[in-house]
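Only heavy atoms go into these numbers, but all of them, side chains included; no hydrogens, no water, no symmetry mates. So you know, we letter chains A, B, ... as the sequences are listed, proteins then strands, and number each from 1.
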Amino acid sequence: MSVGRTHYAAELNEQMVGQTVTVAGWVHRRRDHGGLVFVDLRDRTGLVQIVSEPGQPGFDAVERVRAEYVMGVTGTVRPRPDGMVNADLASGAVEIVPESVTVYSEAKTPPFNVGDASQVDELLRLKYRYLDLRRPELTANLMLRDRSLMAIRRFFHEHGFLDVETPSLARSTPEGARDFLVPSRTQPGQFFALPQSPQIFKQLLMVAGIDRYYQIAKVFRDEDLRADRQPEFTQIDVETSFMDRESILSLMEEMLRSLFHEVLGVTLEPFPRMTWRDAMRLYGSDKPDLRAGPPLATLTEAARTLPWTVLSEAANVVGVVMPSYQPSRKELDQWVETAKSLGANGLVWIVRSDDGTMRSSASKWLGEDGMGRLAEAAGVKPGDTLLMVAGAGWAPNQVAGQIRLTHARESGRIEPGWRFLWVTEFPLFEWSEEEGRLTSAHHPFTMPHPEDIDRLASDPASVRSEAYDVVLNGTELASGSLRIYQQDLQARIFAVLGLSDEEIQAKFGFLLDAFQYGAPPHGGIAFGLDRLLMLMAGAESIRDVIAFPKTARGTDPLMNAPSPVDDAQLRDVHLSIRK
RNA sequence: GGUCCCGUCGGUUAGUGGCCUAAGCCGCCGCGUUGUCAGCGCGGAGAUCAGGGGUUCGAAUCCCCUCGGGACCGCCA
């Protein structure tokens, strides 16, 4: 039995007519006309049609195969008869007449049809992931991933970046996500942690003088899952020395631009910049989706002189303008419920009909004049609807932002396109209810904004940082910052965080020690590769661009992981299971 | 930790208190078919209705619990 292949299915076309070729793959479909039998043979590139008649070599084998049998066919490429060309296939102009056929493997009837599994329950697909991955859609996603990684690596290589691997067995660090722990056998009672990111290592590489580092790094976070979150995922991790923020941002933008051009053939517009404050004010989110209709309207000033204290005395009044939208009373009631479920006290609506007349849930308090002033301030045109949320702080923006997104999604008003943006000037600290103190919004090595450094002690909550995110279509794709490299500034940050010298030494001592031996100015960023690929592939979930993903509860139905282990294994690592 | 949705032949759907001895399509098995490509025609097999408990004369259907899957909030990136 010879094993081999001369061509992939998609490589066969009119140019090859008359040649003898060998193809190999899985039986996608078989169509038996009694005398004449067709088999669609599938490999990772696509399908090619095999045709055989009684008495010809290999007919018995072709007649006997079933779905997902593995076979090799050596035969002659011939053009299909007139009118029989299948334009849906790359090889649709030709077919193969076998000279010899080898059935390598038979196959049980698969639990779902590989040819059409789009509706199949995902749990079943994950359990038989090797079958699921045979589906052209998922094969295409894996190929997209491969091409993207090649393009990314080439970009960084050509720009002088060194790919350096960092350990997966690392140390538990206090800030950020919950760690996955690995018990040490040789050091009883002690644990490694799988890295949440190579953050410390890449900063140490800067101290080491590597200067430009990148890594396609697997990282681990033991938090609850989402459609765009897996417990292990892949980062494009980047760190540079002696580059200012502007240079880092434009280089990373160039990386994405070259990736999209090379892999998708798309030319990206320059990414707009938006401060975190503006993102919150205009979109109620630190990851605005620019495709979802007009930004939010701040109506606090316009409401100030209204004869209705609910709006006039509110610290913050925010409006969502819904263009060309005339909701029913029932829909309006649903928006009120939605706002309440998002934590708002209520929601005021103004509907402006096509003839310009207005009605409102608060018309008797606002009057024609009040409705007119609010509509004017929000830019409401005839035919539009305005929903308003009042409150304090960013809460009304966040509620209004959610409503804006929900409405755009439900009414199919998400505009097409790749709407990237940079969000900058994130707050340096955020208040942790859980811990009752300020914590680092990004991580404790994030550089404060130079204009705000003198407020570190007096008003730390107002201090902006040199942190930045890349957002694409409402998804956070990357996050990074300039890092602190001066010891005195770092000490002031730790003071705000309320960390004692002992804690600092215990948690970050090794990094601070390193910084005493000459730390360059440095900064970096990390991209969520899986999210990026999900968006590039047009997939609904990150799971569709990962070969072997976990379920929403963090299990692997294919390997049945996690699983119990033997007592002996537990003893080796000095653990016992608490009952 | 919380909220919501879902679980019926191998797959996917129908069924919302008696007409269910659970229906259709795909797949599977058999027979037929020489130009199909979601092949076609005829016939057949295939379901403890996720599991347990309850209500009822009667439960796939109503209620409760458990298990499993998914989305979201919290958390996290």
For this session: May I have the distance from A:E410 (atom CD) to B:A71 (atom C1'), rounded to whole angstrom?
Result: 14 Å
Exercise. Using the C1' atom in both, what is the distance from B:U13 to B:U56, to the nearest Å?
Worked result: 29 Å
For this session: Determine the Euclidean distance between corresponding C1' atoms of B:C9 and B:A71; express it in Å to zero decimal places.
Result: 28 Å
Problem set entry | Any N/O donor-acceptor pair, A:R229 side-chain to B:C76 base, under 3.5 Å | yes
Seminar exercise, completed: Of the candidates B:A71, B:C72, B:U34, the side chain of A:E53 sits closest to B:U34
Seminar exercise, completed: Of A:V219 and A:T555, the one whose nearest nucleotide on RNA chain B sits closer to the 5' end is A:T555
Problem set entry | Whole-angstrom distance between B:C20 and B:G58, as gauged at atom C1' | 13 Å
Exercise. Taking N and O atoms by type only, does the side chain of A:D224 place a donor or acceptor under 3.5 Å from a partner on the base of B:G74?
Worked result: yes
Problem set entry | Most 5' of A:P81 and A:R29 on RNA chain B, judged by nearest nucleotide | A:P81
Exercise. What is the distance, rounded to the nearest whole Å, between atom CZ of A:R553 and atom P of B:C75?
Worked result: 21 Å
Exercise. Which residue, A:R30, A:K108, A:R42, A:R135, forms the salt bridge (Lys or Arg N to Asp or Glu O under 4.0 Å) with A:E68?
Worked result: A:R42
Exercise. Is there a side-chain polar atom (N or O) of A:R66 under 4.0 Å from OP1 or OP2 of B:C29?
Worked result: yes
Problem set entry | Candidate nucleotides B:G39, B:G35, B:G70, ranked by approach to the side chain of A:R543 - the nearest | B:G70
For this session: Look at all strands and tell whether A:R78 reaches a base, only sugar-phosphate, or nothing, counting heavy atoms closer than 4.0 Å.
Result: base
Exercise. So does A:R226 get a side-chain nitrogen or oxygen closer than 4.0 Å to the phosphate oxygens (OP1/OP2) of B:C73?
Worked result: yes
Exercise. Taking atom P in both B:C28 and B:G11, what distance in whole Å separates the two?
Worked result: 15 Å
Exercise. Heavy-atom distance under 4.5 Å between the side chains of A:L259 and A:M536, does that happen here?
Worked result: yes
Problem set entry | Nearest-Å distance once atom C1' is located in both B:C5 and B:C19 | 31 Å
Exercise. Is the number of heavy atoms from other residues, nucleotides or ligands under 6.0 Å of A:R245 CZ greater than 12?
Worked result: yes
Problem set entry | Complement of B:G7, any strand, by Watson-Crick or G-U distances under 3.5 angstrom | B:C67
For this session: Assign A:Q402 to base, sugar-phosphate, or nothing according to its heavy-atom contacts below 4.0 angstrom with the strands shown.
Result: nothing
Problem set entry | Nearest-angstrom distance from the residue atom CG of A:L225 to P of B:G69 | 11 Å
Problem set entry | Span that lies between the C1' atom of B:G74 and that of B:C4, in whole angstrom | 15 Å
Seminar exercise, completed: Of the listed B:C75, B:U36, B:C37, the closest approach to the A:F38 side chain comes from B:U36
For this session: In whole angstrom, give me the gap between the P atoms of B:G70 and B:U48.
Result: 24 Å
Exercise. Atom CG of A:L36 to atom C1' of B:U34: distance rounded to whole Å?
Worked result: 5 Å
Problem set entry | Integer-rounded Å distance: B:C40 C1' and A:R30 CZ | 14 Å
Problem set entry | Any-strand Watson-Crick or G-U partner of B:U56, both distances under 3.5 Å | none
Exercise. Mind checking who B:G44 pairs with, Watson-Crick or G-U wobble, both distances under 3.5 Å?
Worked result: B:C28
Problem set entry | Any A:R31 side-chain N or O less than 4.0 Å from OP1/OP2 of B:U36 | no
For this session: Would you indicate whether A:N345, at its atom CG, is surrounded by more than 12 heavy atoms from other residues, nucleotides or ligands within a distance under 6.0 Å?
Result: no
Exercise. Under 4.5 Å between any side-chain heavy atoms of A:P427 and A:W276, yes or no?
Worked result: yes
For this session: Report yes if the distance between the aromatic ring centroids of A:F155 and A:Y214 is under 6.0 Å, otherwise no.
Result: no
Problem set entry | Under-3.5 Å donor-acceptor pair between A:R178 side chain and B:G74 base | no
For this session: Measure from the side chain of A:T109, starting at C-beta and using heavy atoms only, and say which of B:C76, B:G27, B:G30 lies closest.
Result: B:G27
For this session: Report the base-pairing partner of B:G39 (Watson-Crick or G-U wobble, both distances below 3.5 angstrom), or none.
Result: B:U33
Exercise. How would you label the contact of A:T551 with the nucleic acid (heavy atoms, under 4.0 Å): base, sugar-phosphate, or nothing?
Worked result: sugar-phosphate
For this session: To the nearest Å, give me how far apart CG (A:D228) and P (B:C72) are.
Result: 7 Å
Exercise. Pick from A:R229, A:R145, A:R543: which one makes a salt bridge (Lys or Arg N to Asp or Glu O under 4.0 Å) with A:D530?
Worked result: A:R145
Exercise. Does B:C49 have a Watson-Crick or wobble partner in any strand here, with both distances under 3.5 angstrom, and which is it?
Worked result: none
Seminar exercise, completed: Of B:A77, B:G69, B:G35, the nucleotide closest to the side chain of A:M84 is B:G35
Exercise. For B:C20, which nucleotide is its Watson-Crick or G-U wobble mate, given both distances must be under 3.5 Å?
Worked result: none
Exercise. A:L124 near the nucleic acid: base, sugar-phosphate alone, or nothing, with a heavy-atom cut-off under 4.0 Å?
Worked result: sugar-phosphate
For this session: Sort out the partner of B:C75 for me: Watson-Crick or G-U wobble, both distances under 3.5 Å, none otherwise.
Result: none
For this session: Could you check A:H522, A:H443, A:Q203, A:E466 and say which one makes a side-chain hydrogen bond (donor to acceptor under 3.5 Å, both in side chains) with A:R483?
Result: A:H443
For this session: Identify whether a stacking contact exists between A:H33 and B:G35, where the ring centres must be under 5.5 Å apart and the planes under 30° apart.
Result: no
For this session: Rounded to whole angstrom, note down the P distance from B:G10 over to B:A45.
Result: 16 Å
Seminar exercise, completed: Testing B:G10, B:C37, B:C26 for proximity to the side chain of A:P111, the answer is B:G10
Problem set entry | Value rounded to 0.5 Å, distance of CG in A:L332 from CG in A:L387 | 7.0 Å
For this session: Specify the separation, in whole Å, of atom CZ of A:R531 and atom P of B:C76.
Result: 13 Å
Exercise. Can you find a donor-acceptor pair, distance only, under 3.5 Å between A:R80 side chain and B:U36 base?
Worked result: yes
Seminar exercise, completed: When rounded to whole Å, the CD to P distance for the pair A:E122 and B:G69 reads 11 Å
For this session: Mind checking A:E95 for me? I need base, sugar-phosphate or nothing, with any heavy atom below 4.0 Å counting as a touch.
Result: base
